[in-house]
Amino acid sequence: NNNLQKAIDLASKAAQEDKAKNYEEALRLYQHAVQYFLHVIKYEAQGDKAKQSIRAKCAEYLDRAEKLKEYLKKKETTPAKPV
Amino acid sequence: TKADTISDEDIERQLKALGMD
């Protein structure tokens, strides 16, 4: 259950950073968490219901990560307003 | 909903897409 716990921890940290508006860090952590969750689904025996539940969580995290990525990309290309 | 029916391949694909810039 080590990898599952690791995945949960990462997802939890990601949500914290997200809340704190540290979007770059949150994005990185969301990606990491999904990677671990995927490993658990593929290589560590879980019941079908548990697997689908994990997949649904991954979908949520991936959606959120995509939004953060878009936001960060826009931020990069928007020139800073002159003072 | 998408979250209910997502598959491992979908997850992998999205993850890869996120990783690329």
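Computed from a prediction, not measured in an experiment: that's the story for all the values here. Below, chain A is the first sequence line, B the second, and so on; all start at residue 1.
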Exercise for the section: State plainly whether one hydrophobic cluster holds both A/Leu72 and A/Leu29, where clusters connect Ile, Leu, Val, Met, Phe, Trp and Tyr through side-chain heavy atoms under 4.5 angstrom apart. Expected result: no

Handout entry: Over 12 foreign heavy atoms within 6.0 Å of CD, A/Glu24
Key = no

Practice task
Heavy-atom pairs under 4.5 Å with chain B are the metric here; pick the option from A/Ile54, A/Ile41, A/Leu38, A/Leu27 that has the most.
Solution key: A/Leu38

Problem - Side-chain ion pair, A/Arg55 and B/Asp8, N-O less than 4.0 Å - result: yes

Problem - CD on A/Gln31 to CG on B/Leu15, rounded to 0.5 Å - result: 6.5 Å

Problem - A/Tyr30 with A/Phe37, same ILVMFWY side-chain cluster at under 4.5 Å - result: yes

Fill in the blank from the handout: All heavy atoms of B/Ile6 vs all of A/Gln52, minimum pair found to be O-NE2, 3.6 Å

Problem - Single-linkage hydrophobic cluster, 4.5 Å side-chain cutoff, A/Leu10 and A/Tyr23 together - result: no

Completion exercise
The interface call for A/Lys42 against chain B, heavy-atom contacts under 4.5 Å, is side chain

Handout entry: Same apolar cluster (I L V M F W Y, side chains within < 4.5 Å links), A/Tyr36/B/Ile11
Key = no

Exercise for the section: Please report the closest heavy-atom contact between B/Leu18 and A/Lys69, naming both atoms and the distance. Expected result: O-NZ, 2.9 Å

